[in-house]
Amino acid sequence: MSAESSERAPHAGTGASYASAGVDIEAGDRAVDLMKEWVKKATRPEVVGGLGGFAGLFDASALKRYERPLLASATDGVGTKVDIARKMGVYDSIGHDLVGMVVDDLVVCGAEPLFMTDYICVGKVYPERVAAIVKGIAEGCVLAGCALVGGETAEHPGLLGADEFDVAGAGTGVVEADRVLGADRIRTGDAVIAMASSGLHSNGYSLVRHVLFDRAGMALDREIPEFGRTLGEELLEPTKIYSLDCLALTRTTEVHAFSHITGGGLANNLARVIPDGLHARVDRATWTPGPVFDLVGSAGSVERGELEKTLNMGVGMIAVVPQGSVEAALTTLADRGVDAWVSGEIVERGDHAEAVTLTGDYAS
């Protein structure tokens, strides 16, 4: 209705509405319809009901097999990596990232991920985009062995631009009380086993974007020979999900601790599970970081120390195991297609001021 006709008929349907404020309820309903098929694939036998309720239901009687079940919870997002996805017009991989960030925090204590919920906030609901994000979340949940029991899509016009969005998620897992992994299990002589990352994962993108775009002026569609693909495709490489691999380790051999290498880098994250009096010595010479790490460092003249406290440098998960478990652990991971190697050992703290030190130079 035009302004002129509004003045003549002020009460003829000219009042404010949710739609006039920028919220499209019909588009939201359409998004739900599109995502249903994907959510159905991300389930477990314990899930009760389907998509559409106010809360997801999970049959806790399944936990009766535990002597003393402890519930573990974690929540996370994927940070400014969402900006790369938006500019690339690729939305499913970001959901995969979200699952990896959450479930691999759960498994660090030995917990089996049971279910996740998600929160998607958009400036404008484009049903196909929202469904693509949920598709990625559902596929990630399948890889993690957990269910996607619910979520929320919120449209925030005026707060976010029409193409802007963010995602977050929360997960719940369970572990037997006497099987909780962590610092109290680690002993002198334990081996530090590194598991390769699939790339940057979902941390450090504020630095990456600043270096590659603001300083180096690179374009997302630039072909990078070292990558064998475009810069954008490399930056959107999904986060590797380790939860089932880690759980397989706990079933096949003795594990003392895990450390999920996320924001803060290898040393800072591994330090979180190193007990007082002990020290983890990690040898850089045992692996070669992927070319994306070298590109970020060289394009921004970023010092190694800064890279190491921001990026994972090619290691996405650490397992600390007794020496007698090393062969079995490496065999299990190899059988599951996980690139892993012994990267260090646990020693007495002695004069070391820090819980973790990285020694030597990366292999070329």
Side-chain angles (χ1 to χ4, degrees), residues 186-201 203-204 207-208 211 224-228 234 237 240 242 245-246 249 253 255-274 278-334 336-364:
I186 293 180
R187 300 288 183 268
T188 302
D190 283 355
V192 176
I193 294 178
M195 301 179 218
S197 69
S198 56
L200 294 169
H201 285 185
N203 300 104
L207 173 64
V208 171
V211 166
I224 308 294
E226 294 83 357
F227 300 161
E234 175 69 24
E237 177 66 32
K240 183 170 178 56
Y242 301 93
D245 304 313
C246 291
L249 279 187
T253 191
V255 179
H256 289 166
F258 291 115
S259 178
H260 188 195
I261 311 305
T262 57
L266 192 157
N268 286 341
N269 281 285
L270 181 54
R272 296 165 66 178
V273 298
I274 301 301
L278 295 184
H279 176 81
R281 186 167 57 212
V282 177
D283 186 0
R284 296 185 185 94
T286 59
W287 82 96
T288 304
V292 68
F293 301 100
D294 182 61
L295 177 65
V296 174
S298 59
S301 299
V302 185
E303 295 182 356
R304 185 171 71 180
E306 184 67 21
L307 287 175
E308 290 179 340
K309 72 178 184 181
T310 307
L311 307 178
N312 66 60
M313 300 305 290
V315 177
M317 182 71 76
I318 290 285
V320 180
V321 306
Q323 286 292 336
S325 294
V326 169
E327 183 176 352
L330 292 178
T331 297
T332 295
L333 292 171
R336 298 183 61 84
V338 179
D339 183 15
W341 63 94
V342 175
S343 63
E345 62 178 337
I346 304 299
V347 299
E348 296 291 337
R349 177 71 62 94
D351 295 330
H352 295 290
E354 305 294 335
V356 179
T357 56
L358 303 181
T359 64
D361 295 318
Y362 294 110
S364 57

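We count residues from 1, following the sequence as given.
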Legend entry - Shortest non-hydrogen contact between Gly360 and Asp283, atoms and distance: CA-OD1, 4.4 Å
Inset, instruction - Determine, stepwise, if the pair Asp361 / Arg304 fulfils salt bridge (charged side-chain N to carboxylate O under 4.0 Å, His left out). - result: CA-CA 10 Å; Asp361 295 318; Arg304 185 171 71 180; 2.9 Å; yes
Inset, instruction - Name all residues meeting the side-chain hydrogen bond (donor to acceptor under 3.5 Å, both in side chains) criterion together with Thr286; count only those two or more places apart in sequence or in a different chain, and write none if there are none. - result: Trp341
Legend entry - Note, Met317 side chain near Ser259 side chain (heavy atom, < 4.5 Å): no
Inset, instruction - Decide yes or no on side chain to side chain contact (heavy atoms under 4.5 Å, CB included) for Val292 and Val208, but give the supporting numbers first. - result: CA-CA 10 Å; Val292 68; Val208 171; over 6 Å; no
Inset, instruction - Output all residues satisfying side-chain hydrogen bond (donor to acceptor under 3.5 Å, both in side chains) with Asp351, sequence neighbours left out; order by chain, then residue number. - result: none
Inset, instruction - With the side chain counted from C-beta on, respond yes when Thr357 and Val282 share a heavy-atom pair under 4.5 Å apart, and no when they do not. - result: no
Legend entry - salt bridge (charged side-chain N to carboxylate O under 4.0 Å, His left out) between Glu354 and Arg281, intermediate numbers included: CA-CA 10 Å; Glu354 305 294 335; Arg281 186 167 57 212; over 6 Å; no
Legend entry - Side-chain heavy-atom pair Phe258, Met195 within 4.5 angstrom cut-off: yes
Inset, instruction - Let me see the working for Leu358 and Glu308 under side chain to side chain contact (heavy atoms under 4.5 Å, CB included), right down to the final yes or no. - result: CA-CA 9 Å; Leu358 303 181; Glu308 290 179 340; 3.6 Å; yes
Legend entry - N/O donor-acceptor pair under 3.5 Å between Ser325 side chain and Val321 backbone: no
Legend entry - Heavy-atom side-chain proximity of Ile318 to Ile261 below 4.5 angstrom: yes
Legend entry - Backbone of Glu327 reached by a side-chain donor or acceptor of Thr331 within 3.5 Å: yes
Inset, instruction - Taking all heavy atoms of Leu311 and all of Gly204, pick out the closest pair and write down the distance. - result: CD2-CA, 3.8 Å
Inset, instruction - Name all residues meeting the ring-ring contact (aromatic ring centres under 6.0 Å, His included) criterion together with His279; count only those two or more places apart in sequence or in a different chain, and write none if there are none. - result: His352
Legend entry - Spacing of CG belonging to Leu249 relative to OH belonging to Tyr242, to within rounding of 0.5 Å: 12.5 Å
Inset, instruction - Would you indicate whether the side-chain heavy atoms of Val192 and Ile346 approach each other to under 4.5 Å? - result: yes
Inset, instruction - Rounded to the nearest 0.5 Å, what's the gap from NE2 on His256 to CG on Asp190? Could you check? - result: 5.0 Å
Legend entry - Donor on one side chain, acceptor on other, Ser197 and Asn312, under 3.5 Å: yes
Inset, instruction - Please list, chain by chain and in numerical order, all residues satisfying ring-ring contact (aromatic ring centres under 6.0 Å, His included) with Tyr362, sequence neighbours excluded. - result: Trp287
Inset, instruction - For Glu237 and Ser198, test the side chains for any donor-to-acceptor distance below 3.5 angstrom and give the result as yes or no. - result: no
Legend entry - Any Met313 side-chain heavy atom under 4.5 Å of Leu307 side chain: yes
Inset, instruction - Taking the side chain as every heavy atom from C-beta outward, state whether Asn269 and Thr262 have any pair of such atoms under 4.5 Å apart. - result: yes
Return all side-chain donor-acceptor pairs below 3.5 angstrom for residues 294-303, not counting sequence neighbours, or 'none' if the list is empty.
{"residue": "Ser298", "atom": "OG", "partner": "Asp294", "partner atom": "O", "Å": "2.9"}
{"residue": "Ser298", "atom": "OG", "partner": "Leu295", "partner atom": "O", "Å": "3.3"}

Legend entry - Donor-acceptor contact present, side-chain Gln323 to main-chain Gly189, <3.5 Å: yes
Inset, instruction - Work out which heavy atom in Ser343 is nearest to a heavy atom in Ala194; give both atom names and the distance. - result: OG-CB, 3.8 Å
Legend entry - N/O donor-acceptor pair under 3.5 Å between Asn268 side chain and Gly265 backbone: no
Legend entry - Side chains of Glu345 and Val347 in contact at under 4.5 Å (non-hydrogen atoms): yes
Inset, instruction - Report the distance from atom CG of Leu278 to atom CD1 of Ile186, rounding to the nearest 0.5 Å. - result: 7.5 Å
Inset, instruction - Could you pull out all residues at least two apart from Arg336 that satisfy side-chain hydrogen bond (donor to acceptor under 3.5 Å, both in side chains)? - result: Asp245
Legend entry - Test log, rule side chain to side chain contact (heavy atoms under 4.5 Å, CB included), inputs Asp339 and Leu333: CA-CA 7 Å; Asp339 183 15; Leu333 292 171; over 6 Å; no
